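Everything below concerns the one structure shown next.
As a basis for the values below, the full set of heavy atoms in this structure was taken, side chains included, without hydrogen atoms, waters or symmetry mates. As the structure is a prediction and not an experimental result, all values here were calculated from the model. In what follows, chains are A, B, ... by sequence order, proteins preceding strands, each numbered from 1.
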Amino acid sequence: MSNYRCPCCRKISSDPHDLARHFLGQTDSKHKDWLKTKGLSYAQLITSQTEFGNKGYDTLAEVLKKEAPKVE
Amino acid sequence: MNEYSIIGKPTTNVDGVAKVTGEAVYTFDMTLPNMLHGKLLRSPHPHARIVSIDTSEAEKLPGVKAVITGKDTPGGKYGLWRRFRELADQEILATTKVRFIGDPVAAVAATSEDIAEKALDLINVEYEPLPAVFEPLEAIKDDAPLVHDDFENNINATRHIEWGNVDKAFKNADYVREDRFNLLSQHPAPMEVHSSIASYEKGSGRLTVWSSTQSPYFLQLGLADALKMREGNIRVIKPHVGGAFGGKNSTMPDSVNAAILSMKTGRPVKIVFNREEEFSATEKRTAMHLAIKIGLKKDGTLLAKEVKIITDGGAYTGLGATTLYLAGTWITFPYKTPNYRYDGFRTYTNKMWSSSVRGFGAVSAVYAAETQIDRAARDLGIDPIEIRRRNAMTTGYEAPGQYKVESCGILPCIDKMEQRVKEKWANLDKDEGIGFAAFAYMSGGIFNWIDTPYAFSGAMVKVNIDGTVDLFTQASDIGQGHNTVSVMICAEELGIGIEDIRLHPADTATTLTDLGAWGSRETLMNGNAVKAAAAEVKKKLIEVARMKLGENIVYDLDAKDKRIYIALRPERGFSYYDIVKDAIKGNDGEPLIGIGHYTPHRKGMVSPAYAMGIMGVRAKVDRETGQVEVKEVIVVHDCGQTINPLGARGQVEGSIQMGLGFGLCEDLPTENGLILNPSFVDYKLIRIREMPQIELFDVPTYDPEGPYGAKESAEATTAPTAPALANAIYNAVGVEFDSNVLRLEKVLKALKEKEAKEKGKGRR
């Protein structure tokens with residue numbers, strides 16, 4: 001089964017949603033800047049999570065599923 | 001049967017006489033030879049760039065010995081979140097900009113407080129005011145001014161918790177409701193204000209600080225980071241503390257500026273906040289916007305819960321990021337929640353920062369959850385006690401990846417409450433109502449944001465030739481009675497009397513690390529360390545007694561009532577005092593020493609153990625004035641094995657007093673970031689004459705992780721007080737609230753609105 005490695009640090013997760021949660025929990029510029037390179041805004045993703053539902057994490061999980069390095 | 005000699009017996013505080021006679025020394029009272037007095041110059045602006053600071057006139061004032069600004073500090077930032085350095089965001093004195101009204105920009109040391117105050121007036125600071133932001137919902141907007149440049153949308157910290165399949169569960173629910181709350185802040189309002197004395201020895205380069213703190217260790221680390229010193233060169237001593245309630249965990253400007261002024265002058269420097277500073281510039285309860293959605297079956301079974309919280313963090317982090325996590329945790333307790341999703345956001349704003357206050361994250365969260373569950377019960381036609389019973393946690397309940405409840409007395413607590421209410425509150429007067437709220441709380445947190453490499457708590461026991469015991473522990477008694485609890489545990493374990501033990505508390509130079517008094521951690525965590533230290537000594541004494549008895553090794557020996565004897569033949573044994581003498585003489589004169597440590601392992605993310613319970617409030621509302629009178633409170637509490645019932649009772653009363661303040665009258669209104677009521681004249685506390693009668697019942701359980709089965713006691717009862725009261729008010733007069741601080745004008749307004757609505761309906 002493939003795992004996903006965070007493109008900005010050593011975090012590895014089997015689930016892109018879990019990786020998305022890790023990602024938005026980081027407040028350093030490294031993670032935020034990576035989002036910008038993918039056309040995403042940290043602030044917009046976060047503020048979308050203030051509404052009921054999981055829109056921010058769903059959006060980022062989709063991107064990470066495609067873009068995060070896979071590790072066995 | 002109570003198998004214990006000391007545990008579970010109502011015991012007066014070991015330092016009680018000293019406190020009531022004035023013998024006990026607080027930092028506030030202390031004076032050292034040659035001591036100077038320090039004062040802080042604080043920003044009058046909520047957000048401004050510092051253009052220049054001119055201290056020359058202040059320095060000329062006779063009696064002034066030192067004036068410092070940000071340029072005199074080592075630079076860099078510090079804070080409790082040492083593990084995540086970007087959240088360590090405090091400066092000793094603001095260097096480039098100020099972030100709230102009260103942010104310190106300069107400090108003075110002088111021969112008297114009056115001279116230091118006068119010198120502050122002579123310091124000329126030129127500010128360039130910046131746009132400020134005061135509300136969290138404004139702070140997260142894209143165009144909001146940034147409190148800290150590196151934090152986009154002023155988002156200081158986020159938390160996400162999720163288990164189960166929330167969306168699917170909501171689809172399967174028979175009943176779904178959403179509620180939104182705006183929960184206001186509260187000040188810890190301790191009797192003793194923040195006070196510190198720092199004394200720096202230039203020769204050795206060592207610093208000693210006496211401070212009114214909740215955690216000598218946190219302060220030692222904070223000072224080391226801020227001053228760029230080795231932590232071993234800083235000694236922190238905590239004298240008696242006149243209350244803290246969560247507001248004295250951070251390294252605040254009193255201690256760290258006193259230290260720099262002492263370094264500069266070579267004399268001890270004392271800084272004591274005045275009451276206005278205490279209210280305006282020390283940590284307070286976290287205000288928050290909270291949205292909560294629940295899905296239930298028709299029978300009231302909870303299927304799903306989703307919670308969104310945006311907190312008003314203020315200018316710095318403190319322990320606010322932990323409050324954010326804990327609010328999202330306590331809002332699930334004490335109910336089985338099969339599907340849960342939480343998103344929490346802490347925002348920076350240009351106000352004094354918020355942090356932990358008694359009930360650490362629980363008080364606001366429980367207010368929302370426990371008023372909402374009553375509303376759901378009403379809609380579904382279910383009794384409020386019954387809906388709580390149907391969803392109550394049971395022993396072994398686990399929230400995946402978060403917490404596991406190893407002992408759980410909530411169901412017997414609910415049963416007891418139902419029985420007692422039927423007996424006691426069967427007949428109510430007009431406009432009287434009863435409300436309930438269930439609760440749970442931690443026995444210390446499994447958090448290491450401070451990044452300690454040490455055990456979470458340690459203790460050392462030394463037994464002297466005459467049988468007296470010196471107990472060394474860094475645990476903090478801040479008025480909650482832990483000095484007594486630790487001595488009781490030590491005495492019980494060694495089988496001796498409380499009078500045999502001398503406690504040496506809370507000095508980082510002479511005691512083993514303890515993380516301090518927050519999150520109700522001392523009884524379980526330090527209690528385990530003390531018990532282990534005493535047990536190590538007991539083992540040595542039993543070895544000596546066994547040698548003297550020459551009995552078969554299958555016989556177990558006990559230490560109790562100052563004797564060491566064969567458990568099954570108590571008449572066969574020796575005096576504890578005689579065995580101590582033999583043990584020391586037989587060991588080349590070395591005193592008997594035991595060391596104990598405790599760190600929770602494999603206990604999830606939150607706490608090693610959880611107290612539980614339910615509170616009932618009977619209240620009466622005056623329809624003419626809106627005045628709420630709290631008549632009576634019943635508490636049924638599972639705190640494991642209570643160590644000191646007398647102390648626990650006192651703490652329950654104090655927690656209810658603070659809970660009622662949160663519910664009825666305590667608030668910190670601001671105007672452009674300025675707190676409008678920074679004094680006890682204008683900040684309304686519940687006083688003794690306004691306290692209701694309180695009936696307290698213990699439902700004992702045994703927690704396998706706690707010393708003698710003990711877990712948290714009493715702090716838990718802060719949280720249910722306000723929601724139980726709000727539910728009682730609804731049941732009395734039919735008005736409900738989405739906020740706390742139910743002052744008479746708020747209640748009266750709600751009554752008038754309800755009346756107008758009913759008249760409108762009548763006309764149609």
Of all of E152(B), R85(B), R159(B), K141(B), which one pairs up most often with chain A through heavy atoms under 4.5 Å apart?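 Ranked by heavy-atom pairs under 4.5 Å with chain A, first place is E152(B).
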Note to self: Shorter than 4.5 Å, heavy atoms on both sides: which option in I292(B), D142(B), V307(B) has the most such pairs with chain A?
What the structure shows: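 Of I292(B), D142(B), V307(B), I292(B) has the most heavy-atom pairs under 4.5 Å with chain A.
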Practice item. Nearest 0.5 Å please: distance from the CG atom of D343(B) over to the CZ atom of F52(A). Key: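 Atom-to-atom, D343(B):CG and F52(A):CZ are 10.5 Å apart.
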Checking heavy atoms, do the side chain of [X], its backbone, both or neither come under 4.5 Å from chain A?
{"X": "E86(B)", "value": "side chain"}
{"X": "F151(B)", "value": "both"}
{"X": "D150(B)", "value": "backbone"}
{"X": "I140(B)", "value": "both"}
{"X": "I161(B)", "value": "neither"}
{"X": "N156(B)", "value": "backbone"}

Taking every heavy atom of K308(B) against every heavy atom of Q49(A), the minimum-distance pair comes out as NZ-O, 2.7 Å
Heavy-atom closest pair (T158(B) atom, L24(A) atom, distance to 0.1 Å) is OG1-O, 3.1 Å
State whether the number of non-hydrogen atoms from other residues, nucleotides or ligands found under 6.0 Å of K38(A) atom NZ is greater than 12.
yes
Next item on the list: Assess whether atom NZ of K66(A) is packed by more than 12 heavy atoms of other residues, nucleotides or ligands within 6.0 Å.
Entry: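 Atom NZ in K66(A) is not crowded, with 12 or fewer foreign heavy atoms closer than 6.0 Å.
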I want to check something: taking the side chain as every heavy atom from C-beta on, are E162(B) and N54(A) in contact at a cut-off of under 4.5 Å?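 Sidechains of N54(A) and E162(B): in contact.
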Given K32(A), H17(A), Q26(A), the one with more heavy-atom pairs under 4.5 angstrom with chain B than any other is K32(A)
Best-contacting candidate, T47(A), I46(A), D18(A), against chain B by heavy atom pairs under 4.5 angstrom: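 The answer is I46(A).
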Under 4.5 Å to a heavy atom of chain B? For S29(A) that would be neither
